[in-house]
> 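Sharing a structure below in structure tokens format, with a few things to ask.
Quick note: numbers below take in every heavy atom, side chains included, and nothing from hydrogens, waters or symmetry partners. All of these numbers come straight from a predicted model, not from anything done at the bench. Sequence lines set the chain letters: A, B, ... in the order given, protein chains first and strands last, and positions in each chain run from 1.
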2 protein chains.
Amino acid sequence: MTALPETPAPANPDETLRLDRFLPYRLAVLANTVSKGIARLYADRFGITIPEWRILAILGAFGAATASEIQGRSAMDKVQVSRAIARLTEAGMIQRTVDAADRRRQTIAMTAEGDQVYREIVPLARAREAALLEGFTQEEREMLDRLLDRLQARAAAGETP
Amino acid sequence: MTALPETPAPANPDETLRLDRFLPYRLAVLANTVSKGIARLYADRFGITIPEWRILAILGAFGAATASEIQGRSAMDKVQVSRAIARLTEAGMIQRTVDAADRRRQTIAMTAEGDQVYREIVPLARAREAALLEGFTQEEREMLDRLLDRLQARAAAGETP
DNA sequence: ATGAATCTGTTACAAATGAAACTAACACGA
DNA sequence: TCGTGTTAGTTTCATTTGTAACAGATTCAT
């Protein structure tokens with residue numbers, strides 16, 4: 001470790017910013033770490049991606065839905081949803097039925113195979129979540145819950161203008 | 001709103017999972033919301049991306065550094081760093097100097113122009129962070145800090161194996 | 001020395017993503 | 001019943017990203 005040619009070396013904490021303490025950065029790194037782990041798990045065991053999992057999760061919780069309902073509940077845009085639906089259909093995990101009343105719409109429902117996969121994933125997903133929260137007291141979990149909701153609300157509010 | 005042809009309708013909360021309460025999902029959505037807003041801000045005003053901003057942030061806080069040091073401090077992989085460095089060099093915000101002692105290495109330092117941009121961005125970044133945390137008490141901020149650190153540690157631990 | 005192993009950083013190629021254009025279906029007022 | 005406007009979902013195309021291969025430089029044990 002040789003001494004570097006001295007650079008401006010800005011030591012004034014008001015003009016500087018510690019990236020590793022910067023909230024947006026920390027959120028990005030955390031979410032990325034978590035997502036990568038989950039993505040690998042799902043890919044390895046079920047051959048699905050996170051957008052595909054999200055669709056199964058929506059269908060599993062709410063039953064059949066249209067693409068736009070899925071979009072609304074999953075924070076994905078319609079292109080992502082469309083592509084994920086295409087892949088899941090290809091994989092035989094969901095089925096599309098054109099809505100008779102409005103033929104632009106199609107109702108998406110899980111097939112028996114999709115339901116099977118869903119039932120296998122849910123416990124794994126829960127286990128992941130539990131592993132993340134291991135060592136957190138009930139109070140801490142509730143606090144985290146509220147803080148995240150508030151952050152989300154403020155982040156979303158900052159975007160609307 | 002017509003009644004849908006009834007689907008399995010899994011009401012058993014043990015077998016089901018509310019995606020919108022699922023921690024990994026919430027973290028992903030939150031980080032994404034925050035990052036998008038910031039990315040737009042930086043792109044509009046400075047024409048830089050988030051990876052580029054991260055490099056400026058590292059250089060601003062620590063002075064000159066090699067690519068691998070930046071990589072270590074920024075949670076980016078070496079390809080991301082290499083590309084961001086290339087763009088910043090192109091834009092005249094940083095300068096590379098091949099290390100005389102080890103000619104594989106190059107020391108990266110901000111130019112006056114890069115420093116200028118950095119000084120303009122920092123207050124905006126701080127303001128963003130402040131906006132996110134608006135309405136949070138000091139105790140809540142500290143709690144959030146600790147909870148995020150612990151989550152990050154647990155998420156990272158879950159990946160090493 | 002010398003050659004295998006390792007390290008730094010870049011490049012090449014394929015896959016994922018995002019924005020905008022597009023198709024088809026519906027709604028609704030003139 | 002036409003025509004304009006809107007909506008659902010898909011496709012296209014350009015860009016971004018990730019993985020792996022790569023080139024050059026260094027190290028270090030023989």
Side-chain angles (χ1 to χ4, degrees), chain A residues 1-2 4 28-29 31-33 35-40 42-44 47-55 58 64-90 94-108 159, chain B residues 1-2 4 28-29 31-33 35-37 39-40 42-44 47-55 58 64-90 94-109 159:
Chain A
M1 191 174 291
T2 56
L4 290 173
V29 172
N32 187 41
T33 308
S35 289
K36 265 201 171 138
I38 293 195
R40 195 148 44 87
Y42 293 173
D44 288 353
I48 67 173
T49 63
I50 286 184
E52 285 157 43
W53 145 248
R54 287 183 181 177
I55 287 180
I58 300 286
T66 66
S68 63
E69 284 167 351
I70 292 173
Q71 178 192 336
R73 293 194 202 274
S74 67
M76 299 192 281
D77 64 40
K78 60 183 186 172
V79 176
Q80 279 183 296
V81 170
S82 172
R83 293 203 256 237
I85 286 177
R87 287 190 298 258
L88 286 173
T89 305
E90 178 71 21
I94 62 177
Q95 220 172 3
R96 323 189 211 198
T97 318
V98 173
D99 189 327
D102 182 343
R103 299 209 312 285
R104 288 171 305 181
R105 290 207 174 93
Q106 38 187 294
T107 301
I108 316 291
E159 292 317 301
Chain B
M1 191 175 293
T2 57
L4 290 174
V29 172
N32 187 41
T33 307
S35 289
K36 266 201 171 139
R40 195 148 46 86
Y42 293 173
D44 288 354
I48 67 173
T49 63
I50 286 183
E52 286 156 43
W53 146 247
R54 287 183 182 176
I55 288 181
I58 300 288
T66 66
S68 64
E69 284 168 351
I70 292 173
Q71 178 192 338
R73 294 194 201 274
S74 67
M76 300 194 280
D77 65 39
K78 60 182 185 173
V79 176
Q80 278 183 299
V81 171
S82 172
R83 294 203 257 237
I85 286 177
R87 287 190 300 259
L88 285 173
T89 305
E90 177 72 21
I94 62 177
Q95 219 171 2
R96 325 190 210 198
T97 318
V98 173
D99 189 326
D102 182 344
R103 297 207 314 286
R104 291 171 302 183
R105 292 207 174 94
Q106 40 188 278
T107 301
I108 316 291
E159 293 315 301

> Taking side chain to side chain contact (heavy atoms under 4.5 Å, CB included) as the test, write out the residues that go with B:Arg40, two or more places apart.
A:Glu159, B:Asp44
> Under 4.0 Å, counting only non-hydrogen atoms across every strand here, what does A:Ala101 touch: a base, just sugar-phosphate, or nothing?
sugar-phosphate
> For B:Arg96, what residues pass the salt bridge (charged side-chain N to carboxylate O under 4.0 Å, His left out) criterion, not counting sequence neighbours?
none
> I'd like the 5' and 3' limits of the part of DNA chain C contacted by chain B, with heavy-atom contacts below 4.0 Å.
C:dC7 to C:dA12
> Please enumerate all residues that pass side chain to side chain contact (heavy atoms under 4.5 Å, CB included) together with B:Ala84, with sequence neighbours excluded.
B:Pro51, B:Glu52, B:Ile55, B:Arg87
> Identify, with sequence neighbours excluded, every residue that meets side chain to side chain contact (heavy atoms under 4.5 Å, CB included) alongside A:Asn32.
A:Lys36
> Please report, rounded to the nearest Å, how far the C1' atom of D:dT16 is from the CG atom of B:Asp77.
13 Å
> Test of understanding: with side chain to side chain donor-acceptor pair (under 3.5 Å), list the residues that count as partners of A:Ser68, not counting sequence neighbours.
A:Thr66
> Name the residue closer to the 5' end of DNA chain C, choosing between B:Lys36 and A:Ala100 according to the nucleotide with the nearest heavy atom.
B:Lys36
> Among all residues two or more places apart in sequence or in another chain, which pass the salt bridge (charged side-chain N to carboxylate O under 4.0 Å, His left out) test with A:Arg83?
none
> Encode nucleotides 8-14 of chain D as B, S and - characters from 5' to 3', where the letter depends on protein heavy atoms closer than 4.0 Å: B to the base, S only to sugar-phosphate, - to neither.
SBBBB--
> If only atom types and distance count, is the side chain of A:Thr89 paired as donor or acceptor with the main-chain N or O of A:Ile85 below 3.5 Å?
yes
> To the nearest Å, how far apart are A:Ile50 CD1 and D:dG18 P?
13 Å
> Please list, chain by chain and in numerical order, all residues satisfying side chain to side chain contact (heavy atoms under 4.5 Å, CB included) with A:Gln80, sequence neighbours excluded.
A:Met76, A:Asp77
